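Presented below is the structure to which this report refers.
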Amino acid sequence: MDAELRCNRLTCRKTLIDKAVVTTCSHIFCVDCANELFNASRLCPACETSLTEPDDVVVCSLHPTNDYKTSVLSGLSPSLIMEICSRALSFWQYQVHQENSFQQAVIRNLNDKQAQLQKQLDNVIREANGEINLLSNKVAELERDMELERRKVHELQDSSREREKEYQKLKAQYDKAKRKSLLAPSTAPSGQGVGGVNMFDPPQDDHNKGRAGVDIGAVIGGMDANGVQDPYLPN
C-alpha cells in the first residue's frame, strides 16, 4: 500500500485524496491551500522558493484514468521517460523523508512534554509522600496519646471501683453504728440515763461540773422546788 500524501502546509496537514497542487520544488498542497497561498504570492509556502514559471505550479490528479496513463508519456523517448520517472520517484522520496522528519519532530516534542510532565509528576509525588509521612507521624503521635488516655481512663476506672468499695464499706459501718446508737437507749440498765449517766450519783464537784456542763443535783433540786417528782424516785 502506497504512503498517503499530506498537504505540506503545517497548519493544514490534510490527507490528499483526489486532486492536489504540486510544485517544482517537490512540495504538494491541497487545492484550498493552494488557492489561498498562490493567489497572494508565487513563493512556495514550505521553502519560499520563487515559482514564476507557468509549469512551476501544476494541478494534478492523484487517481488518473487509464486513458491518461496511456497517453501521458506516449511518444516520449525512453530516456526522457526514465528522467520523468526518476524525478517523480525523487518527489516521493522527498515527501516520505519530509513526513518522517515531521513525525520525528512531533515525537521529540511529545517526549519533551512527557519529560516535563514526568518532572511535575515526580514533584507532586515527592510532595505527596512528604505530606503522607507528616500525616503518618501525626497519626502515630495521636495513637500514642490515645493509648495514654486509654490507660488513664483504665486507671481512673480502677481507682473509682476501689473508692466505690471503700465507700460501700464505710457506709455499711456507718449504718451499723447508726443502728447500734438507735438501739442503745432502749437497752440501757435501770437508773442509768441517756449516755450512761446514773441519775442517782451524787453531784459532781466543780471540776467535774465544769467539764460535764450539767449539775445533776441542781436539776433534781429544781424539780423538787417546782413540785415535779423525779420519775426515778419512789413515791
Side-chain angles (χ1 to χ4, degrees), residues 1-140:
M1 182 178 179
D2 294 337
E4 292 181 348
L5 290 174
R6 293 180 179 273
C7 179
N8 291 165
R9 188 181 187 184
L10 294 179
T11 57
C12 180
R13 298 284 303 165
K14 183 170 62 175
T15 301
L16 302 176
I17 300 175
D18 187 16
K19 290 184 179 182
V21 176
V22 295
T23 64
T24 54
C25 57
S26 298
H27 291 105
I28 188 168
F29 304 93
C30 65
V31 176
D32 294 335
C33 290
N35 291 331
E36 178 183 353
L37 297 172
F38 293 115
N39 286 334
S41 174
R42 296 291 291 183
L43 294 177
C44 177
C47 63
E48 296 184 355
T49 300
S50 177
L51 304 173
T52 58
E53 297 298 327
D55 292 334
D56 286 343
V57 180
V58 178
V59 178
C60 66
S61 175
L62 300 180
H63 299 285
T65 63
N66 291 328
D67 293 338
Y68 179 81
K69 295 176 184 179
T70 303
S71 61
V72 65
L73 297 179
S74 298
L76 301 179
S77 63
S79 59
L80 187 58
I81 293 174
M82 292 299 298
E83 182 183 356
I84 294 172
C85 292
S86 176
R87 292 187 181 186
L89 291 174
S90 297
F91 172 86
W92 265 98
Q93 184 179 2
Y94 176 77
Q95 287 294 317
V96 171
H97 173 73
Q98 183 175 255
E99 182 66 21
N100 290 336
S101 300
F102 177 80
Q103 295 298 333
Q104 289 176 1
V106 171
I107 291 174
R108 284 194 298 271
N109 291 333
L110 292 177
N111 289 334
D112 293 339
K113 291 181 179 179
Q114 182 182 4
Q116 294 177 357
L117 293 175
Q118 186 65 39
K119 290 181 180 179
Q120 295 177 359
L121 179 61
D122 293 339
N123 293 332
V124 171
I125 291 175
R126 184 166 51 253
E127 293 177 357
N129 289 332
E131 293 292 333
I132 290 173
N133 291 331
L134 291 176
L135 293 176
S136 298
N137 294 333
K138 289 183 180 180
V139 169

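A quick note: this is a predicted structure, and the numbers were derived from the prediction, not measured.
- Contact annotation: the side chain of H97 approaches that of S101 to within less than 4.5 Å [non-hydrogen atoms, C-beta and beyond].
- Dense packing is recorded around CD of Q103, with more than 12 heavy atoms of other residues, nucleotides or ligands lying under 6.0 Å away.
- Put simply, the side chain of Q95 gets close to the backbone of S26: a donor and an acceptor are under 3.5 Å apart.
- The shortest distance between side-chain heavy atoms of V106 and L110 falls below 4.5 Å.
- When side chains are defined from C-beta on, F38 counts as touching P45, because their heavy atoms get closer than 4.5 Å.
- Taking every heavy atom of both residues into account, L51 and C25 meet most closely at CD2-SG, 4.4 Å.
- D55 places none of its side-chain heavy atoms less than 4.5 Å from the side chain of T24.
- Counting heavy atoms from C-beta outward, H27 and T49 have side chains that stay 4.5 Å or more apart.
- More than 12 heavy atoms of other residues, nucleotides or ligands lie within 6.0 Å of CZ in R42, so this atom counts as buried by the packing criterion.
- Ion pairing between a basic and an acidic side chain is recognised when a charged N comes within 4.0 Å of a carboxylate O; E99 and R13 show such pairing.
- For residues 117-127, every residue pair satisfying the side chain to side chain donor-acceptor pair (under 3.5 Å) rule, not counting sequence neighbours, is listed here: Q118-D122, N123-R126.
- Of the N and O atoms on the side chains of S79 and S77, at least one donor lies less than 3.5 Å from an acceptor on the other residue.
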